[in-house]
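Presented below is the structure to which this report refers.
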Amino acid sequence: MLASGGMELDFYIEGIFPYRLFGQTLWITTTHVSLLIVMMVMLTFFILANRAIKKATEVPGTFQNIVEMIVDGLDNFTKGVVGKYSPSFRNYFGTAFIFIWISNTSGLFGLRTPTGDYGTTLALAIVTFTLINVNEIRYNKLSGFCKNLMVPMPLFFPLNLIGKISPVVSLSLRLFANNLSGIIVMAMIYGLLGPLAVVWPAPLHAFFDVFIGSVQAFVFCLLSLTFINNAIVGD
Amino acid sequence: MDYNEYFVLGMSAIGAGLAVLANVGPGVSQGFAAAAASTAVGRNPGAVSEIRTTMLLGQAFTETSGLYGLLVAIILIIVQPLM
């Protein structure tokens, strides 16, 4: 296929072992393994952070300082977008930001980036979709929700319906494609140049994994919060 | 029969190259957004963080169409739906 001359590009998701569920053959893939590792890292960090905050001192130590900085930054970020509604969203979006950021940068440690799998990003986007619609109903009542589907007149109902679904597609594909492009470029460098790629890909890793990863984690949370804010306040 | 497959493969490659041309638009428009943001910072240096957030938001929106082109190219080359 792509491999002419015996060179293999190694960026595919590989199945590890199959299992059957409701008559379908499904696979445990490298994405699941990477997700588990990311989850372990997050859990370890959270437990350590919890312990540090429980024994919090007046003059914070190094670790407590870092944790306070992260939580404070994420809270302020949420508050900057949704304002007074931030208490109901900051927990989820703080966790989502940390999860996406660790997932995006996990390419540095040789994992198959979990967010480079469409399943992960689609799941995240569907959570956002649920949050948008549930909060629109919660703050504008069902009548307001139905009225928003009929603006400016009932003829526009199909267009508004598409407008409801398009955030899922665009959010998930944006995160997925950004990570996939980074993975493919790195796989090309390592697969096609082989022994020549020794030290100089480090800046590329810094760009594709750390910079693009951070920006996309930020953009995902920012766009989700903006959509939710628009749904609550009405645009 | 064999030659048909090669023809489709080559044409998919050309199509993938053309699909990636979709990235010209987002590139230009992201440049415009950055230019407008620099002008805004020059006029009002106090609002740097809000301007940066707004710029990132707009750039993320425009980036989407370019990414769709990239995805079409990747699907044409790797999945090969036309074969």
Side-chain angles (χ1 to χ4, degrees), chain A residues 1-4 8-13 73 76-83 100 115-118 121-122 125 166-185 187-188 191 208 211-212 214-230, chain B residues 2 4-17 19-27 29-31 33-34 37 40 44 46-83:
Chain A
M1 203 161 67
L2 260 180
S4 56
E8 285 289 332
L9 284 187
D10 180 29
F11 60 85
Y12 300 98
I13 299 165
N76 281 336
F77 162 64
T78 317
K79 202 177 218 166
V81 188
V82 285
I100 298 173
T115 34
D117 184 339
Y118 192 56
T121 57
L122 185 64
S166 70
V168 182
V169 179
S170 70
L171 273 177
S172 58
L173 279 181
R174 180 178 300 119
L175 193 54
F176 168 66
N178 269 298
N179 284 300
L180 188 70
S181 59
I183 291 171
I184 289 180
V185 171
M188 274 178 163
F208 283 116
F211 177 69
I212 295 275
S214 311
V215 168
Q216 289 308 317
F218 176 71
V219 160
F220 182 88
C221 294
L222 186 69
L223 282 180
S224 304
L225 283 168
T226 313
F227 284 135
I228 289 173
N229 193 41
N230 282 348
Chain B
D2 243 8
N4 268 339
E5 271 179 24
Y6 290 138
F7 180 73
V8 171
L9 195 60
M11 280 299 173
S12 317
I14 293 176
V20 172
L21 274 185
N23 283 302
V24 172
S29 55
Q30 282 188 345
N44 186 2
V48 176
S49 67
E50 282 145 49
I51 291 168
R52 190 192 298 125
T53 312
T54 317
M55 183 190 79
L56 274 180
L57 197 69
Q59 289 188 335
F61 265 117
T62 52
E63 204 182 9
T64 315
S65 60
L67 289 175
Y68 290 159
L70 176 74
L71 276 181
V72 169
I74 289 171
I75 289 173
L76 271 177
I77 288 183
I78 292 173
V79 186
Q80 294 178 338
L82 303 178
M83 289 293 268

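Note that the coordinates shown come from a computational prediction; the quantities given were computed from them, not determined experimentally. Lettering of chains follows the sequences in order, A, B, ..., and the numbering in each one begins at 1.
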Can you establish whether the number of heavy atoms outside B/Met55 located under 6.0 Å from its atom CE is more than 12?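 Count over threshold, so yes.
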Which of residues 56-64 of chain B get closer than 4.5 angstrom to chain A, counting heavy atoms alone?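 The stretch touches chain A at B/Leu56, B/Leu57, B/Ala60, B/Phe61, B/Glu63, B/Thr64.
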Let me confirm one number: the CG-CZ distance from B/Leu71 to A/Phe176, rounded to the nearest 0.5 Å.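 Answer for the CG-CZ pair, B/Leu71 versus A/Phe176, is 6.0 Å.
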Rounded to the nearest 0.5 Å, what separates atom CG in A/Leu180 from atom CD1 in B/Ile78?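 Between atom CG of A/Leu180 and atom CD1 of B/Ile78 there are 7.0 Å.
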Got a sec, which residues hit side chain to side chain contact (heavy atoms under 4.5 Å, CB included) with A/Ile212, two or more places apart in sequence or on another chain?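 Counting only residues at least two positions away or on another chain, A/Ile212 forms a side chain to side chain contact (heavy atoms under 4.5 Å, CB included) with A/Asn178, A/Phe207, A/Gln216.
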Heavy-atom cut-off 4.5 Å, strictly under: side chain, backbone, both or neither for B/Thr53 against chain A?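 B/Thr53 touches chain A through backbone and side-chain heavy atoms alike.
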So which heavy atom on B/Leu70 is nearest to which on A/Ala177, and how close?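 Answer, listing the atom of B/Leu70 first, then A/Ala177: CD2-O, 4.1 Å.
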